[in-house]
Amino acid sequence: MSVRLFNTYSRQTEDFTPLDPAGQRVKMYTCGPTVYNHAHIGNFRAYIFEDLLQRHLEARGYEVERVMNLTDVDDKTIRGARAAGRRLADFTQVYKDAFFTDLDTLRIKRADHFPAATEPRYIARMIAMIGQLLEQGIAYQAEDRSVYFRLAKFPAYGALAHLNLDELRPSGRVNSDEYEKENIGDFALWKAWDEADGEVRWEAPWGAGRPGWHIECSAMATALLGPELDIHCGGVDNIFPHHEAEIAQSECCTGKKFVRHWLHCAHLMVEGQKMSKSAGNFYTLRDLIGKGFTGREVRYALLTVNYRLPLNFTIAGLEGARAALGRIDEWVGRISDFRFQVSDLGGALPANLSERHEGFFNALDDDLNISGAMGQLFDLIRESNSALDHGQLTPAQTAELLKLWESINRVLAFERESIVVPAEVAALVERRQQVRSDKDWTASDRLRDEIAAHGWIVKDTKDGPKLSPK
RNA sequence: GGCGGAGUAGCCAAGUGGGAAGGCCGAGGUCUGCAAAACCUCUACGAGUGGGUUCGACUCCCACCUCCGCCUCCA
């Protein structure tokens with residue numbers, strides 16, 4: 001069964017086929033952060049969805065080459081740098097570093113390339129593309145010396161968002177002072193330098209300034225992946241105008257169809273409301289870590305709702321994520337321990353268990369139906385727990401089961417953090433085991449309190465004591 | 001005003017023209033020195049509302065209600 005993905009362009013679920021004649025390599029571009037502050041969980045929902053997409057494609061045998069750009073020059077970064085009294089590059093570096101730390105915390109696989117807009121080779125490419133568009137008469141320089149894309153030259157503009165431009169209603173966000181433009185919808189390719197930009201400026205044949213936001217993505221995407229991409233992702237709010245603009249610029253420069261499959265994830269809400277600073281429900285990853293949640297718990301909460309549905313992010317949901325992960329952890333621990341018992345010839349897994357494994361991946365094939373896939377995983381957990389309870393699985397079969405989990409986890413990245421037990425706590429646990437074998441419960445309980453005083457909880461399970469941090 | 005998405009149990013949520021997955025919470029049980037955990041079992045005669053098509057509708061169609069998004073540089 002092939003991978004099927006919903007294409008924003010056609011509004012249909014389509015069989016995914018890469019351009020590569022061998023059907024192996026996939027070129028994927030994902031819009032990255034603007035590095036003027038810490039990314040919030042809404043941003044990370046998009047990156048986690050893209051991570052799931054990449055990991056599932058890889059599980060299905062594709063070789064994914066992925067680019068995620070960093071927008072490190074625009075109005076917000078310039079404003080932020082000025083407010084902080086720092087040079088633009090120093091200001092954005094802080095947030096670039098923080099962004100990569102957050103990616104690791106959330107176990108998001110690194111893209112192959114993280115081009116930044118201000119890197120000289122990309123600025124040069126943007127200037128080259130703008131120059132070409134000017135030559136072709138597709139772009140023009142207005143009285144304000146900025147360069148704009150002439151929308152009249154690209155009738156397909158609006159096709160991705162399915163907007164009829166003739167019927168657009170001004171929303172009040174259009175700056176009506178921009179009378180220099182021929183058409184209200186014409187977007188900036190190059191913004192002429194002005195004093196507020198300070199030392200942020202690059203020289204171009206038509207004058208000093210800085211690139212517009214849209215051209216950054218077109219330049220970096222085509223520089224690294226070529227004129228035709230298999231997949232381009234982003235949040236729904238990027239559909240219009242950002243991705244429309246990317247299509248217009250790229251296709252006018254290359255003459256080729258820019259993107260084969262457009263994927264967009266829905267927004268998230270927090271506690272049933274739109275996330276906003278004024279509503280007090282605006283979270284960065286750091287905020288949640290500060291509340292005691294782990295990256296993988298946040299990952300679980302953001303990953304396990306289908307990307308095309310609005311996600312209602314709640315603290316209760318995070319607690320649910322913690323409990324669900326605990327169930328997975330217990331099961332993984334159980335099968336990991338069991339497989340080391342007496343060797344034996346084992347055999348193939350019972351059919352119902354391997355079917356759950358296949359069901360997991362088949363569900364993801366269907367436009368990343370993560371809920372269906374998780375249902376299969378939890379069925380696999382319950383059914384194999386039950387089989388173990390009844391002594392129906394051999395150690396060899398359990399080892400096979402562990403392999404199934406490992407292949408599932410290569411997509412989910414939900415494995416438990418390895419926990420390091422301090423030596424003194426380990427020693428206390430060992431002493432407690434000794435007194436327990438003598439059935440000295442008073443000493444045992446006293447040691448349990450002592451272990452608790454070190455910040456650890458010890459639980460006596462069938463398989464011996466288990467430690468967890470308080 | 002235009003375009004689009006969504007309403008399924010206390011919460012999150014899947015699939016399907018014919019038996020309503022799964023997770024959290026909750027209840028019962030097994031295990032256990034105690035505690036905790038774990039595991040097993042159970043938990044919607046019902047799908048926003050009202051119509052319609054059909055032998056049969058949560059699923060298809062129509063209307064209405066509610067929520068969310070986009071409509072020119074927000075993931």
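All chains are named by letter (A, B, ...) in the order of the sequence lines, taking the proteins before the strands, and each is independently numbered beginning at 1. From a predicted model like this one, the values you see are computed outputs, not experimental measurements.
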I'd like to check the ring pair (Phe, Tyr, Trp, His ring centres under 6.0 Å) partners of Tyr300(A); sequence neighbours left out, ordered by chain and number.
Phe414(A)
Please check if the number of heavy atoms outside Gln392(A) that lie under 6.0 Å from its CD is greater than 12.
yes
Test for a donor-acceptor pair under 3.5 Å between the base of G4(B) and the side chain of Arg11(A), counting only N and O atoms.
no
For every nucleotide of nucleotides 10-19 of chain B, 5' to 3': is a protein heavy atom under 4.0 Å from its base (B), only from its sugar-phosphate (S), or from neither (-)?
--SSSS----
Of the listed nucleotides (G23(B), G33(B), A38(B)), which one gets closest to any side-chain atom of Glu330(A)?
A38(B)
Between the base of G22(B) and the ring of Phe378(A) - centre-to-centre under 5.5 Å, planes within under 30° - is that a stack?
no
Suppose we define a pair by two distances each less than 3.5 Å, Watson-Crick or G-U wobble; what does G4(B) pair with here?
C68(B)
For a quick check, tell me whether the side chain of Arg334(A) and the base of A38(B) share a donor-acceptor pair closer than 3.5 Å.
no
Determine the contact category for Lys76(A): base if any of its heavy atoms lies under 4.0 Å from a base atom, sugar-phosphate if only primed atoms, P, OP1 or OP2 are that close, otherwise nothing.
sugar-phosphate
Among G23(B), G33(B), C40(B), the one nearest Asn385(A) by side-chain distance:
C40(B)
Looking only at side-chain N and O atoms, does Arg382(A) come under 4.0 Å of OP1 or OP2 in C42(B)?
no
When rounded to the nearest Å, what value does the distance between P atoms of U49(B) and C42(B) take?
28 Å
